[in-house]
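A quick write-up on the structure given underneath.
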Amino acid sequence: QKQPQPVTGDMATAFTLSEDDLQASAERDDDGVRDEALERIPILKRRADAEAAAAGAGGASASAAAGNGDPICVIVVGMAGSGKTTLMAQLQNSLNLKTRPDGDKDGGEGEGASDDANKNDDKKPSSASSPDSSRAGYAINLDPAAKYVPFSSSIDIRDTVDYLEVMRQHKLGPNGAILTCLNLFATKFDQVMDILERRAFGPNEDADDKLDENENGAGGDDDDKRGVEPKGKSQEREVASPNPPPAKSPLDYILIDTPGQIEAFTWSASGTIVTSALATTFPTVLAFVIDTPRCAASVHTFMSNMLYACSMLYRAKLPMVVVLNKTDVVGCEFVKEWMDDYETFQEALDDASDAGNGYSDETAGGSGYYSSLTRSLSLVLDEFYNHLHKVGVSAATGDGVEEFWEVVRRAAADYEEGYLADLKLRIEEQQAKERAKKRVGARRLARDLKEDGKL
C-alpha cells in the first residue's frame, strides 16, 4: 500500500493563503456569515435588527433608526489630579440622575432618593443644570481606592472588591492593589454588561437566567481568600430586583469613572477587557480630562498630555473628547489655539524659552536636542489634533457641561463611522481568512485521499 506523502514545511507554510483563496472566501453566503458575527457582537446585532425592522416598516431612513435608543458610554480618563471624579459629579447632576441618600447604595430607586435629588439639584450651580429633563444616565465607579466618591454610582467596584484587603493579603503596594482589584472585577464584568443591557433595553429572559447562574456559581472560599465579596452589594441588588427598569426612562448615557492612576486602567488587560466589552455593546467615547492650569504653566506639560492622549487613541481606537478642565481658574482658549494653529504653539515655545529663569523646565526650549524634539513632536501631533474633539469645562462650577454633551454626541457619530465600520471590516477579514484556511485544508485532504487511492 502506498504511504501518504509527509507534509513538508512548517504550519505557516502549509496554510499560506493565496489571493485567490481570500477572494473566493470573500464571495460568501451573506446570511450564514452575518448570523455568526451578529451573535458575537451585541451592537451589530441590534443595528441589524433595527435596520431590518425599519426597512420592513417602510421607513425612509433605516440606518438612522438603527442608532436610536442606544445609550452613549463615556469613559472618563485622565492624569491624577485632573478632576475626573469631580467632573463625574457635575455630569451626573446634569443628567437628571437620582442621587442616593447618604448611606444608601441602591442607585436611588426610591421616592426618598428622588426628593433628595431635587434638593441637591437646587443647590448645584445653575450652569450645570440640564435643559432636557428627559435625559437619564447610569454611573459606574471603577476606582477601588477612592475613600469618598461625590457622585452616586449604581455599580461600584468597592462593593465587590476590598482594596485594603487585597493589599494586606497579597502584600501589594497601592498601584499593584488597584491593578489586582481591576483584574478581579474584570472576571465578573459580563454580569455588569448584562445589568447595563437590561437597564438600557429592558428585561431579557436569557440575560436574567445567565445572571442567576453566575450568581449561583460565583463566590466561595476562593473569593473570600482573595478579598472579593462573592456577591457585590449593588450587583446582588440589581439581580434580585423583581421589577424591570421603567420603559419610559431609557438610558441616554453611561458614565464610567476610572482610577486616578491612569496607566492602571489604560495599559492593563482588565482595562482592555472593560473598554472592549463596552465598545462592542454601546457607542463609546473616551473623555480625556486635562488640567488646564498646569498646561498654562508649562507648554511641556501640555505636550506630555497630548502624547498620552495620542497613545490612548492609538490603543483604544475610540473617538476621544479632550476635556479642558478647571476653566474657572484659567481659560482654555490658549490651549485650543495651540491645537488649531501650529505656528501659535511654536511662538509659545519661544516665549517660554525666553522667559526661563534657570530653574523651570521651560529652559529646555531654544536650541538643542530637546527643543528640536519638542518641535518635531508638535508637528506630528498637528495632524492628530484634527481627529480630536475638544471642550472647556469647569468641574467646580459646571460651566461648559452642556457643551460637553453636544461634543459627546458628535464624537458618538464618529464612533458609528469609524470604530463600528472598522469593527465590521475586521470581523469580515477574520472570517474570510478562516474560510480560506478551511478551503485550503479541504483541498489538501482531497489531494491526500487521491494519492492514497481512496478517492
Side-chain angles (χ1 to χ4, degrees), residues 75-89 103 105 139-196 211 213-239 255-278 286 288-289 291 294 304-305 307-308 311-312 315-316:
I75 303 178
V76 182
V77 295
M79 298 295 185
S82 59
K84 297 186 298 297
T85 304
T86 307
L87 177 63
M88 279 283 296
K105 292 189 177 183
I140 299 177
N141 175 43
L142 293 182
D143 190 352
K147 190 174 183 64
Y148 168 73
V149 176
F151 60 91
S152 59
S153 54
S154 300
I155 298 178
D156 199 324
I157 188 175
R158 298 174 301 170
D159 292 339
T160 305
V161 185
D162 189 337
Y163 169 73
L164 296 178
E165 189 67 17
V166 168
M167 288 185 63
R168 185 184 66 82
Q169 292 190 12
H170 295 274
K171 297 180 176 59
L172 298 173
N175 292 334
I178 291 175
L179 185 59
T180 303
C181 290
L182 286 172
N183 291 339
L184 293 174
F185 191 73
T187 61
K188 297 185 178 182
F189 201 73
D190 60 326
Q191 300 180 37
V192 176
M193 296 306 303
D194 290 335
I195 293 173
L196 292 178
L211 279 171
E213 292 176 1
N214 290 336
E215 287 293 328
N216 294 332
D221 296 336
D222 294 340
D223 287 341
D224 294 338
K225 293 178 181 179
R226 293 182 299 180
V228 184
E229 298 180 14
K231 294 182 179 180
K233 297 176 183 178
S234 58
Q235 293 184 8
E236 181 182 13
R237 195 171 285 110
E238 294 278 1
V239 175
L255 304 176
I256 313 290
D257 188 23
T258 57
Q261 288 73 9
I262 184 174
E263 64 278 357
F265 179 81
T266 57
W267 296 104
S268 64
S270 55
T272 302
I273 292 172
V274 171
T275 304
S276 299
L278 292 169
L286 291 177
F288 187 78
V289 184
D291 191 337
R294 292 291 305 276
S304 300
N305 276 277
L307 287 173
Y308 212 110
S311 66
M312 290 183 58
R315 180 177 175 85

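These numbers come from the heavy atoms of this one structure, side chains and all, not from hydrogens, waters or symmetry mates. Keep in mind that this is a model prediction, so the values were computed, not measured. This chain uses plain numbering: 1 for the first residue, then up along the sequence.
Rounded to the nearest 0.5 angstrom, Ser82 OG and Arg294 CZ are separated by 10.5 Å. One distance of note links CG of Leu164 with NZ of Lys147; it measures 7.5 Å at 0.5 Å rounding. How far CE of Met312 is from CD of Glu263: 11.0 Å, rounded to the nearest 0.5 Å. Between atom CG of residue Asn141 and atom CG of residue Asp156 there is a gap of 4.0 Å, rounded to the nearest 0.5 Å. The structure places CE of Met79 at 11.0 Å from CG of Asp291, a figure rounded to the nearest 0.5 Å. In this structure, Ile155 CD1 and Gln191 CD are separated by 10.0 Å, a value rounded to the nearest 0.5 Å.
Under a 3.5 Å cut-off, the side chain of Lys84 and the backbone N or O of Val77 do not form any donor-acceptor pair. Although no hydrogens or angles enter the test, the distance criterion places a donor-acceptor pair under 3.5 Å between the side chain of Arg315 and the main chain of Thr266. Side-chain atoms of Thr258 come within 3.5 Å of backbone N or O of Val76 as a donor-acceptor pair. Looking at Ser276, its side chain never comes within 3.5 Å of a backbone N or O of Ile273 through a donor-acceptor pair.
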| message | Pair Asp143, Thr85 - check side chain to side chain donor-acceptor pair (under 3.5 Å), show working. | response | CA-CA 10 Å; Asp143 190 352; Thr85 304; 5.2 Å; no
| message | Please determine whether side-chain contact (heavy atoms from CB on, under 4.5 Å) holds for the pair Val289 and Leu87, giving the CA-CA distance in whole Å, both sets of side-chain angles, and the decisive distance to 0.1 Å. | response | CA-CA 9 Å; Val289 184; Leu87 177 63; 3.8 Å; yes
Can you give me every donor-acceptor pair (side chain of residues 171-185, partner residue at least two apart or in another chain, under 3.5 Å) with its distance?
| from | atom 1 | to | atom 2 | distance (Å) |
| --- | --- | --- | --- | --- |
| Thr180 | OG1 | Gly176 | O | 2.8 |
| Asn183 | OD1 | Ser270 | OG | 3.1 |
| Asn183 | ND2 | Leu179 | O | 3.3 |

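Of all heavy-atom pairs between Arg158 and Tyr148, the closest is NH1-N, 4.3 Å. Shortest non-hydrogen contact noted between Val149 and Ala146 is CG2-CB, 3.9 Å. Across all non-hydrogen atoms, the minimal contact from Phe265 to Pro259 is CB-CD, 4.1 Å.
Taking the side chain as every heavy atom from C-beta outward, Trp267 and Thr272 never approach each other to under 4.5 Å.
Here the rule is side chain to side chain contact (heavy atoms under 4.5 Å, CB included) with Ile140, and of Ile157, Val192, Leu255 only Val192 fits it.
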